[in-house]
Amino acid sequence: IVGVASGRGRAGPVEVIAGEYTARSEAFGRSFLNKSVVERGQRAALAVRVPTAKVKVAVMEEGGKQPAQVYLVVSGPVAINTTQPALEAEVLAGEYVVKAAAGGRNATESLVLKPGEVREVVLRPPPPPEPRFPWELVVALAVAAVGVAAAVVYARRRPRVNTSSTSSR
């Protein structure tokens with residue numbers, strides 16, 4: 001039956017003999033059941049309720065822009081992974097953790113979705129660190145320059161030894 005997960009699926013009416021019946025629906029890889037006993041001459045309506053909710057997730061930078069690269073993970077009764085900065089999905093009700101990674105920066109939010117609920121989540125990764133002056137590089141270059149200067153001074157102060165020899169026969 002199409003659309004059961006979003007409350008739009010339908011089958012019937014069906015005429016049956018008296019007895020015990022089970023209406024079953026499968027959604028998100030799980031089975032949902034409703035058992036009922038139908039007596040002779042009785043009209044019965046069996047409905048299977050799939051407890052779904054909608055989640056809308058957006059990943060935003062400071063200033064309201066979406067990041068150029070993002071990895072978004074929704075984990076819970078239904079798992080979703082995407083590289084899109086926005087997501088709208090119908091999921092089973094339950095506890096979820098929504099995580100976003102953008103440029104090495106992460107944002108996480110936990111939420112509980114109740115059946116029929118629509119929840120909007122905006123994740124804001126912290127801003128990138130401010131560029132700083134590379135003092136480590138300056139110090140390393142200064143130490144190297146002092147080392148080279150010391151080697152030059154040492155080489156100039158060292159007495160030169162004449163290594164040429166003349167031999168007489």
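Side chains included, hydrogens not; waters and symmetry mates left out as well; all remaining heavy atoms used. If you read the sequence from its start, that first residue is 1, and numbering goes on from there.
Taking every heavy atom of both residues into account, Tyr96 and Pro77 meet most closely at CZ-CD, 3.4 Å. Considering every non-hydrogen atom in both Ser25 and Val50, the closest pair reads OG-CG2, 4.2 Å. Nearest heavy-atom pair, Ala47 versus Asn34, reported as atom, atom and distance to 0.1 Å: O-ND2, 2.7 Å. Closest approach of Val38 and Ala44 over heavy atoms only: CG2-CB, 3.9 Å. What you find for Val78 and Leu92 is that their closest heavy atoms are CG2-N, 3.7 Å.
By the rule that hydrophobic residues join a cluster once side-chain heavy atoms approach within less than 4.5 Å of another member, Phe28 and Val97 end up as members of separate clusters.
Counting only heavy atoms from C-beta outward, the side chains of Val74 and Val91 never approach each other to under 4.5 Å. Side-chain contact check for Lys65 versus Met60: every heavy-atom pair is 4.5 Å or farther apart. For the pair Val73 and Ile80, the minimum side-chain heavy-atom distance is 4.5 Å or more. Counting only heavy atoms from C-beta outward, the side chains of Asn81 and Tyr71 approach each other to under 4.5 Å. Counting heavy atoms from C-beta on, the side chains of Leu72 and Lys99 never come closer than 4.5 Å.
Separation of atoms CD (Glu90) and NZ (Lys54) is listed at 6.0 Å; rounding is to 0.5 Å. Here Glu26 contributes atom CD and Phe32 contributes atom CZ; the two are 9.5 Å apart, rounded to the nearest 0.5 Å. A distance of 11.5 Å separates CG of Leu141 from CD of Glu136, quoted to the nearest 0.5 Å. Once rounded to the nearest 0.5 Å, the distance linking CD of Gln42 with CZ of Arg40 reads 13.0 Å. A distance of 10.0 Å separates CD of Glu95 from CG of Leu113, quoted to the nearest 0.5 Å.
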Which pairs would a plain distance check flag for residues 114-125, meaning a side-chain donor or acceptor within less than 3.5 Å of a matching protein atom at least two apart in sequence or in another chain?
residue : atom : partner : partner atom : Å
Glu117  : OE1  : Lys114  : N            : 2.7
Glu117  : OE2  : Arg119  : NE           : 3.1
Glu117  : OE2  : Arg119  : NH2          : 3.0
Arg119  : NH2  : Val112  : O            : 3.0

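Heavy-atom contacts from other residues, nucleotides or ligands closer than 6.0 Å to CD1 of Ile17 number 12 or fewer.
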